[in-house]
Each structure stands twice: as C-alpha cells, then as structure tokens.
Amino acid sequence: MKLRLWAAAAALMGSLTVTGCSQSAELLPAAPIMSAEALAAADARSYATPPRNPFAADSPYAIPHGDSAQSDMTTVAGPVDVSRALLPEEIRSTFVGPGAIIGYLSGRYPDGRRILWVNAVNGVFKLDAESYEILQHIPSPHAQTYTREWADAAIASFNADNGGAALRKAGEVMMALSDLSGVYIVIGANNWLYVGGKDGSITAYGDEVENDPASPIVVKARFSPPDELQGPMVGMNVTYDGWLVMTSEQGQIVAVSMDLTQHRLARLRHSDTEDVSAPSPGMGWIRNSLAIDDSGGIYIASRNHMHKVVWTGDRLSTDETDGAWSEPYRNGGGSGSGSTPTLMGFGPNEDHLVVITDGDERMNLTVFWRDGIPDDWEQLPNAPSRRIAGIAPATMGNPELTAVQSEQSVAVAGYGAFVVNNTPRNPPMVLPAAHRIGLLSGPLGSNPEFQPFGVQRFQWDPQTRTLYTAWENAEVSSPNCVPWISTGSNQVYFIGARDNQWTLESVDWTTGRSTFHWTIGDQAYNSSFAPVVVDDLGRIFYGTTFGRVRIEPRATAGAN
C-alpha cells in the first residue's frame, strides 16, 4: 500500500543516477527457532482477537488492514485446494483504472447486499460486492486519460517484456498514481466513506437515497484542514469513540469528528528536533498508517522512533503522565520502518504489544511493550530502548541475505507475526536503492530476474518473554502484496508469482509449508502493493494495477 513509493520511483525515470546505499547497522544474530511441537501447541490455544470498532462499518474490510489494530487477519476460513491454474470463469475482474489498490466493503444494507467502495485515480466508485458491476461512479478529470484501452496497451507491453528494458514503461504507468488523493480510507458505521486528501482534507461520500446501494454517490460532508496542518497526509484510522485520525509526513497528528465539524491537532515528539524533510517523495518522516487500541492508544512509527499518543476523548496527548511514550528503534538504513504498526495481544491476561519491521537494511521484527514495561524487564542486547520486548532478524530462510525490506504491515494472529520480503534481486546499478522496491517489485515483480523470495513467521512466547523464529519459507514469493491470515483455515494468503505468472499462494500457518497455489494469470493480475483479503464468505479479493479482482473457484476442498 505504498502509492507515494510508486510515485517517487516513477518520478526518477527521467533522470536515473548511480547512488550508494546507507551504511547498515551491524546485523543481528539469527533468532532462536521455536520447536514445531511448541508452535503447534501455541496455535491450538485460544487468543483474544482485536475488538470490533463500533464506529466502523460491520464488514470484513472497512478500515485499512481490516481493523483498527491493523492485524490483516480473520477468523473466517479461506479456501484450501490443490495447486492448479484457475479457469477464466473463476476470476471476476472489473476495470476501474489505476490506483484501485484497496476495495472497502460496506456493512450490509437492509436487503443483505454490500457495496465495494473504491477510490482510484479515475474517481470514486461503488461496485456491487456480489456481481462486481459498477453501480455508480464520480469520475475524476483523469478518467478520460486512463481508459481501458490505455490499460490494455500497458498490460500487453508488460506481457511482451517486463524485464530491465521495461523500466521506463513501468515508470510511465506508475506516474498515474501521483494523481490519487489517498489510499487509506474508512467506512463508518453511518455508511459514509471517508477519503483523506493529500492536504489533510477529508471528504465523506454516501448514498443519495438512504438504504439504496445503487443510488448515486453524493458528498455528505467535508473537512477543510486548518492552516497549521502542513505536509502530505499519511494513513487513516478511527478511534473507538468515533474520531478519524490521520498523520502528516512531517509529524503532525489530527483527530476529526465523524461529522467532520471538529478537530484536534498535536505534534509528535522529536518532530521539532529531527529533520522531518523527505529526501525523496514518499520517504517522509512518517511513511505509514497508524494503529489504534480500544483504550485510546494511537501507535505511529516515525523515521527513528516508535510513538504512542493517547486520545483522551477530547485531546491528543504526548505526555507520559497520560501513558504516552516515544522510543527509538534500529534504523541502520536511515529511512525508517516500512510497515504500519500492528497490535498484538488483546485479552486481559495477554501481553499487550505493538510490532513493526525496523529500518536496518536487513530488517528486524521489533516488538514493543505497548502499555507498562514489566518491572523486572532488562534492556535487550542490541536494542536501543528498554521498551523493546523482542528484536529478531528477517532472514527469510536465507541467512546470506544482507538486504531485506518489506513495504507491508506485519500480519498478526495471536502471538504470531508474519512478514514478507519485497527487496528485489539483481537490481540495475543505475536505479537508486531507495526506489528499487517501487519499480522492480511493483510492475516488474513477477519477472524471475527481479522477483524477491522468502516469507517468515515469528512467534512471541509469553512464558519466556522471548521472540522466536517460528518458521521460514525461502521457496515462495510475495513481491508486493499485503498478506492476510485466516485462522479459520490455518492459512496465510498472499499474491505471489511463478514462471512470470501471478499466483495466489497459500501457506500453512503452523508449519510454513506451501499448501497450494492458484495460477491466476498474466500482468493484468499484478497485485501492485494491494492487500489480499478473505471476505465473510471465504472468497479471495484484491486490487490489481488497473482494477479489482475476486477469485471464485468452482470447487475447492476446504472453502466455506
């Protein structure tokens, strides 16, 4: 979900120069391995799931990453099958133009239907969530430029050659994404779609006729940002008492009431002493969205620090007396975390943690105590803060890797945390390191020359208070997809690639072994940094470079 990363890489295509990499911190030793028996026992336990936010629509995907905790998980069982190529009739696809990275599912209407809301470069769309037909569309000025014919020509070009010679074409396609207002969106319990603008504005869209999913889209309300809110905005979430929260790349945080009539503004600690400028577009002091717990905790990663801001119900507090904190994490690569923070642990007797991937060139999973630090806790070796509960390297089954980064949020279920490798192989030396993921793992990510490999699961053990490597799988690939965990089917799903074709990959959550893969097809099915999601009927849907896809297999062994 890195639109600015894409746009930044695209902007480079006119003037490529050779650049060096930032100096990395010393690599951490491999994490201890959890035994298969211990992991199976851990997965058999019952863990509290993130509490449902009553101010978000009651749907599988009303908030980025699925819930306010940003967990990218569901208890609904997803598909289980044998590996095979999907038939054309098993793939439902709708063209909406570039930037349709996330589709947000509404709550159910009185007639039982849902709407799939999409904010794309070509405008705001309502799709029938069952038929995938476009019901309504407010076109943007770009809709006449980025037509189906334009997309078909781009797909044909990538099908003919998505190697190094296609770099400039990739940049041209990605340039379209600079016209997208925002990717992080919330559907409220009031059935309004809240779209954040780059300038800090918020526009709420809804149905012209209440309870009619096919009625025209109308603007319900607008929030105009105050003059003191500066810089591009990143992320959106909603508190458990009904306030939308966004951050700016330069370290401001704003809470806006859901009727868009009131706001509260604060500045994160260290934003007044650190350089908050962006060395390139999309690489701001804050790069990602934010997690929120049901006690008012708001969790944000800046370039060098992990922050907890406390929403008191009326103000945004950075005061320690209110429970707020700000602590450093490792950042040997200099660009900070590539992930949105994810919460872990929700029951009254569970450890309450927040996890990110850090900024070392070979990233580490970093786990923080999100409330009080245990009195007997001693600071870990190589950890820059006593608040860090665990830190372990992402080796992806290949200990020789010295550069591993992910541009995805960490997917969490129970005390398990799943990460993917987005760092491409064999990058052309003329392409600056900061932009290789955006170009090579994005539009060209299925090409075996560049395709990154490796996924990894970590596990927190609350008894020993130790972070383990649960398993690694170096054979599968998730070039750019945000993964999704289904505890109902005990699988983790992501869009991968094999033989330069895009696939759905399913890996056993307990063992790490590949369960099956579906071959979806050619470059029309590139996931383009989109999340793959299991809906409430157990079906897979995700965004592509130019539209939305849902997979509807005729017969699967374990689907609901």
Side-chain angles (χ1 to χ4, degrees), residues 1-2 47-56 61-74 102 183-186 196 233-248 251 253-255 266 268 286-302 305-311 316-318 323-327 329 336-347 350-358 365-371 387-390 406-419 458 460 482-485 531:
M1 293 164 57
K2 299 293 177 186
Y47 299 100
T49 56
R52 197 186 82 77
N53 193 319
F55 288 90
Y61 211 92
I63 299 175
H65 301 292
D67 52 46
S68 286
Q70 309 288 270
S71 64
D72 291 301
M73 66 80 64
T74 183
I102 308 181
V183 64
Y184 297 104
I185 294 169
V186 167
M233 303 304 292
V234 184
M236 182 183 286
N237 206 328
V238 61
T239 67
Y240 281 76
D241 62 352
W243 287 68
L244 300 164
V245 183
M246 298 190 299
T247 57
S248 78
I253 178 170
V254 60
L268 293 181
I286 295 174
R287 294 168 51 193
N288 303 286
S289 195
L290 57 144
I292 295 179
D293 67 27
D294 61 351
S295 298
I298 301 170
Y299 303 87
I300 304 161
S302 67
H305 295 82
M306 182 70 206
H307 306 262
K308 178 179 181 178
V309 177
V310 175
W311 171 246
L316 295 160
S317 174
T318 59
W325 49 262
S326 179
E327 297 291 341
Y329 62 84
S337 173
S339 68
T340 292
T342 307
L343 306 188
M344 175 185 283
F346 301 96
E350 295 179 13
D351 289 337
H352 292 178
L353 307 164
V354 55
V355 305
I356 59 169
T357 53
D358 68 15
L365 187 77
T366 304
V367 181
F368 300 81
W369 302 105
R370 74 174 190 253
D371 298 326
R387 184 168 285 279
I388 293 176
S406 177
E407 286 296 329
Q408 317 305 342
S409 177
V410 181
V412 168
Y415 286 130
F418 180 80
V419 297
F458 297 89
W460 172 255
V482 184
W484 189 262
I485 302 167

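Just so we're clear, the structure is a prediction, and the values are computed from it rather than from any experiment. Only this structure's heavy atoms are used, side chains among them; waters, hydrogens and symmetry mates stay out. Position 1 is the first residue of the sequence, and the numbers go up from there.
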Evaluate the ring planes of Phe368 and Tyr329, with Trp represented by its six-membered ring, and classify them as parallel (under 30°), tilted (30 to 60°) or perpendicular (over 60°). perpendicular
Aromatic plane relationship, Tyr47 with Tyr415 - under 30° parallel, 30 to 60° tilted, over 60° perpendicular: perpendicular
Separation of Leu353 CG from Leu343 CG (nearest 0.5 Å): 9.5 Å
State, yes or no, whether a side-chain contact exists between Ile102 and Pro531 at a heavy-atom distance under 4.5 Å. yes
Asp293 side chain near Phe346 side chain, heavy-atom distance below 4.5 Å: no
List the atom of Ser337, the atom of Ile356, and the distance in Å for their closest heavy-atom pair. OG-CB, 4.0 Å
4.5 Å side-chain heavy-atom contact, Phe418 and Val410: no
Are any non-hydrogen side-chain atoms of Asp241 and Trp311 less than 4.5 angstrom apart? yes
Which value, rounded to the nearest 0.5 Å, describes the distance between Tyr184 atom OH and Leu290 atom CG? 9.5 Å
For the CE atom of Met246 and the CD1 atom of Ile253, what is their distance to the nearest 0.5 Å? 10.5 Å
Measure the shortest side-chain to side-chain distance between His65 and Thr342 over non-hydrogen atoms and say whether it is less than 4.5 angstrom. no
Is the shortest heavy-atom distance from the side chain of Asp371 to the side chain of Lys308 under 4.5 Å? yes
Is there side-chain contact between Asp67 and Asn53, with heavy atoms separated by less than 4.5 Å? no
Using a 4.5 Å cut-off on heavy atoms from C-beta on, say whether the side chain of Pro483 contacts that of Asp72. no
